[in-house]
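Written out below as structure tokens is the structure these notes cover.
Residue numbers count from 1 along this sequence.
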Amino acid sequence: MEIKKLNNSTVEGRKERPVRVLQFGEGNFLRAFVDWQLDIANEKGVIDTSVALISPLFKESRVLSILKEQDCLYNVVLEGIENAAPKCENRLISCVTDAFNPAADYERYLGYILSPELRFIVSNTTEAGIRYEEDDVKADCPVTFPGKVTNLLWKRFNHFNGDKSKGLIFVCCELIEDNGTTLREYVLRHAAEAKLGDDFIAWVKDACIFADTLVDRIVPGFPADTIEQVKAELGYDDNVVVKGELYHMWAIGGDGYKTLAEELPLDKAGLHVLFMPSIKKYRDKKVRILNGSHTGMVPVALQLGCETVMDAFNNEKVNTFINTMVDTEVLPMIDEDPEELRSFSQGILERFYNPYIKHYLKSIALNSLSKWEARNFPTVKDFYSAKGTLAEYELFSFAALLALYGPGSTFEPQDNAEHLALITKLWNDADYAATVRAIVESGIFIENFEQLVPGFSAKVAEYLKEIRTEGMEASLTHFLAERR
């Protein structure tokens with residue numbers, strides 16, 4: 001089959017639609033999850049929108065550059081097992097019509113945020129994105145994501161003279177608890193501290209909706225190792241194709257969820273989208289089991305030489321470690337029928353064994369510091385509160401994370417540069433107890449682990465010392481042997 005360039009000249013029938021969605025995030029997940037769903041909903045006639053993608057950091061990226069070259073066209077390839085048989089689905093995504101860096105083209109950005117057609121803001125800035133830090137929200141390009149959102153809304157409020165019909169709906173995909181509610185809280189805090197006015201604050205409260213959502217699809221991303229084969233099968237020279245699993249689920253709740261169900265009725269397109277008053281029940285299960293397992297497993301498995309999730313679960317010790325952590329520490333802290341919960345857990349963990357998904361551990365490791373706090377620490381905190389003891393499997397995973405990030409590790413973390421520098425500065429191989437306590441209390445994390453879970457630092461330091469001196473293989477073997 002001839003492999004064609006992928007652009008508007010080689011794809012017929014692309015329909016022009018209004019840009020009603022501005023997306024903070026050009027990464028694999030949003031493109032294989034949100035944009036994939038919007039594309040299907042457009043096709044089914046339940047919505048009519050194009051999407052403009054921007055970099056959350058207001059910086060150029062490889063993906064943005066390639067998307068521009070391809071006229072924002074790309075493919076999503078989904079693989080897995082359905083009804084006991086292998087299944088593969090390919091979809092050419094055409095709903096994305098612009099992709100750019102706002103810092104390099106600010107007037108273009110203004111055009112979108114002040115457009116009367118704009119209605120939705122979608123984001124995935126990872127768990128590190130929705131944090132409160134001091135910021136100049138009156139500047140054109142604030143540093144933080146909540147700062148950028150405050151600035152965006154302030155400009156829109158002034159442009160439309162406080163017209164309540166020009167409010168926006170925020171659909172956050174970050175895996176933190178109450179993601180939309182938290183972003184709203186930080187925007188209002190920025191607005192108050194910057195003295196943007198009571199009228200503006202009232203407009204944000206009354207005219208804008210910040211939905212709490214939970215997303216679920218495993219997306220390994222760009223299939224670098226099989227890209228030539230993938231291109232041949234697609235018939236296009238697609239350099240930002242995304243691979244994912246067949247399964248998807250999106251729970252959307254919080255204040256205004258009924259408005260979202262009316263204005264973004266993705267469920268009417270046959271998609272697995274659930275609208276409800278509260279997503280807490282779904283979130284606790286999914287984030288703590290699936291995402292918490294990923295985050296807890298990665299630093300352990302990487303230090304054993306594993307490259308993919310499949311490699312990790314084919315390692316008997318890692319498999320035992322993660323399954324025991326889920327069974328003994330995670331599931332008991334989720335308030336639901338134990339049998340139903342165990343069945344749900346088994347279904348999630350089975351998805352890790354999808355033979356068609358090559359999910360690289362180094363990709364999952366992105367921003368692991370904030371991920372561990374959001375996904376794993378809630379279990380540690382609840383476990384201590386309920387039992388008065390430490391969730392030792394979770395703590396071992398945190399020690400493994402520090403060992404992976406610490407000086408002398410051959411791994412190169414992709415995380416907050418200031419936090420990485422601080423870990424290096426505070427590191428002392430001669431005193432792991434002091435090292436762990438200093439890192440925990442350094443401000444890297446929002447919560448104080450030691451204060452909330454007394455004994456946290458000492459136990460983590462014990463595991464960290466053994467990992468650093470004996471190696472991960474011996475440390476994990478010893479850890480599991482002691483708990484048989």
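- A distance of 11.0 Å separates OG in Ser94 from CG in Leu38, rounded to the nearest 0.5 Å.
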**Request:** Walk me through it: do Arg20 and Leu118 pass the test side chain to side chain contact (heavy atoms under 4.5 Å, CB included)?
**Result:** CA-CA 4 Å; Arg20 303 185 68 237; Leu118 184 66; 5.9 Å; no
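- Taking CG of Leu271 as the start and CE of Met249 as the end, the distance is 13.0 Å to the nearest 0.5 Å.
- When atom types are taken as modelled, the side chain of Asn448 and the backbone of Glu450 share a donor-acceptor pair closer than 3.5 angstrom.
- The heavy-atom pair separating Asp415 from Ser368 by the smallest distance is OD2-N, 3.0 Å.
- Using a 4.5 Å cut-off on side-chain heavy atoms (C-beta onward), Glu89 and Glu79 make no contact.
- Defined by atom type and a distance below 3.5 Å, a donor-acceptor pair is missing between the side-chain atoms of Tyr186 and Glu133.
- Annotation for Phe222: atom CZ counts as buried by contact number, over 12 foreign heavy atoms lying within 6.0 Å.
- A cation-pi arrangement is present between Lys148 and Phe58 under the rule of less than 6.0 angstrom and at most 45 degrees off the ring axis.
- Of the inter-residue distances, the one linking Cys95 atom SG with Ile47 atom CD1 reads 7.5 Å to the nearest 0.5 angstrom.
- A heavy-atom distance below 4.5 Å is not found between the side chains of Asp98 and Leu53.
- For the residue pair Thr49/Arg17, the side-chain donor-acceptor check at 3.5 Å is not satisfied.
- In summary, Glu245 and Arg217 do not engage in a salt bridge, as defined by a charged side-chain N under 4.0 Å from a carboxylate O.
- The cationic atom of Lys381 (NZ for Lys, CZ for Arg) does not lie both less than 6.0 Å from the six-membered ring centre of Tyr384 and within 45° of the ring axis.
- Aromatic pair Phe396/Phe321: ring centres closer than 6.0 Å.
- The heavy-atom pair separating Val287 from Arg375 by the smallest distance is CG1-CG, 3.9 Å.
- Residues Leu183 and Phe170 are in side-chain contact: their nearest non-hydrogen atoms beyond the backbone lie under 4.5 Å apart.
- Checking Asn75 against Asp238 by side-chain atom types alone, a donor-acceptor pair falls below 3.5 Å.
- When side chains are defined from C-beta on, Leu22 counts as touching Tyr109, because their heavy atoms get closer than 4.5 Å.
- Side-chain contact between Phe120 and Glu263 is present, with heavy atoms from C-beta onward closer than 4.5 Å.
- With hydrogens and angles ignored, the 3.5 Å screen pairs no side-chain donor or acceptor of Trp372 with any backbone N or O of Thr295.
- Between the Arg156 side chain and the Lys166 main chain, a donor and an acceptor come within less than 3.5 Å of each other.
- If you check the side chains of Arg288 and Asn291, you find no donor sitting under 3.5 Å from an acceptor.
- Side-chain N or O atoms of Asp212 include one that pairs as donor or acceptor with a backbone N or O of Thr181 at under 3.5 Å.
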**Request:** Dump the intermediate steps for salt bridge (charged side-chain N to carboxylate O under 4.0 Å, His left out) on Glu193 and Arg189, then the final yes or no.
**Result:** CA-CA 6 Å; Glu193 293 188 357; Arg189 183 175 169 185; 3.4 Å; yes
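- Pairing each heavy atom of Leu264 with each of Phe275, the nearest pair is O-CZ, 3.4 Å.
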**Request:** Begin from the C-alpha positions of Lys285 and Glu336 and carry the test salt bridge (charged side-chain N to carboxylate O under 4.0 Å, His left out) through to its verdict.
**Result:** CA-CA 9 Å; Lys285 289 197 299 184; Glu336 194 165 316; 3.3 Å; yes
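- The shortest heavy-atom contact between Val326 and Pro332 is O-CD, 4.2 Å.
- For His272 (side chain) and His248 (main-chain N/O), a donor-acceptor pair under 3.5 Å exists by modelled atom type.
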**Request:** Could you walk me through whether Glu43 and Asp39 pass the side chain to side chain contact (heavy atoms under 4.5 Å, CB included) test, one step at a time?
**Result:** CA-CA 6 Å; Glu43 182 184 272; Asp39 203 72; 5.7 Å; no
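- Remark: the Asp35 side chain and the Gln23 side chain contain an N/O donor-acceptor pair separated by less than 3.5 Å.
- Side-chain contact check for Asn319 and Asn315: no donor-acceptor pair (N or O, by modelled atom type) lies under 3.5 Å.
- Counting heavy atoms from C-beta outward, Asn28 and Phe33 have side chains that stay 4.5 Å or more apart.
- Of the candidates Val171, Ile169, Val204, Thr182, Val204 is the only one forming a side chain to side chain contact (heavy atoms under 4.5 Å, CB included) with Phe210.
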**Message:** For a ring-ring contact (aromatic ring centres under 6.0 Å, His included) check, start with the C-alpha distance between Phe398 and Phe456, then their side-chain angles and the critical distance, and finish with the verdict.
**Reply:** CA-CA 10 Å; Phe398 185 70; Phe456 178 96; 5.4 Å; yes
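- Nearest heavy-atom pair across Thr379 and Glu329 is CG2-O, 3.4 Å.
- By the 4.0 Å N-to-carboxylate-O rule, Arg184 lies too far from Asp255 to be salt-bridged with it.
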**Request:** Starting from the C-alpha separation in whole Å, work towards a yes-or-no answer on side chain to side chain contact (heavy atoms under 4.5 Å, CB included) for Trp250 and Leu274.
**Result:** CA-CA 6 Å; Trp250 199 358; Leu274 310 170; over 6 Å; no
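- The backbone N or O of Pro146 sits less than 3.5 Å from a side-chain atom of Thr150, completing a donor-acceptor pair.
- At distances below 3.5 Å, at least one donor-acceptor pair connects side-chain atoms of Asn416 with backbone N or O atoms of His419.
- A 4.5 Å side-chain heavy-atom check between Pro265 and Asp267 finds at least one atom pair inside the cut-off.
- Not one N or O on the side chain of Arg483 forms a donor-acceptor pair closer than 3.5 Å with the backbone of Glu392.
- A donor-acceptor contact shorter than 3.5 Å links the side chain of Ser442 to the backbone of Ile439.
- A donor-acceptor pair shorter than 3.5 Å can be found between the side chains of Asp135 and Thr144.
- In this structure, a donor-acceptor pair under 3.5 Å is absent between the side chains of Glu60 and Ser55.
- Within the 3.5 Å criterion, the main-chain N or O of Cys172 finds a donor-acceptor partner in the side chain of Thr213.
- Note that CG of Asp216 and NZ of Lys286 are 4.5 Å apart. Values are rounded to the nearest 0.5 Å.
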**Asked** Going through the checks in order, is the side chain to side chain contact (heavy atoms under 4.5 Å, CB included) test met by Ile54 and Asn101?
**Response** CA-CA 6 Å; Ile54 61 174; Asn101 163 23; over 6 Å; no
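- Between Phe200 and Phe157, the ring planes lie perpendicular to each other; the angle is over 60°, past the 30° to 60° tilted range.
- Side chain to side chain, Glu174 and Thr126 fail the donor-acceptor criterion of an N or O pair below 3.5 Å.
- A side-chain N or O of Asn376 and one of Glu394 form a donor-acceptor pair less than 3.5 Å apart.
- When every heavy atom of Ile322 is checked against every heavy atom of Ser293, the shortest pair comes out as CD1-O, 3.7 Å.
- Put simply, CD1 on Ile289 and CE on Met325 are 10.5 Å apart, with the number rounded to the nearest 0.5 Å.
- Inter-residue side-chain proximity for Leu341 and Asp337 is flagged as unmet; no heavy-atom pair is nearer than 4.5 Å.
- For the atom pair CD (Gln303) and CG (Leu361), the distance works out to 11.5 Å, reported to the nearest 0.5 Å.
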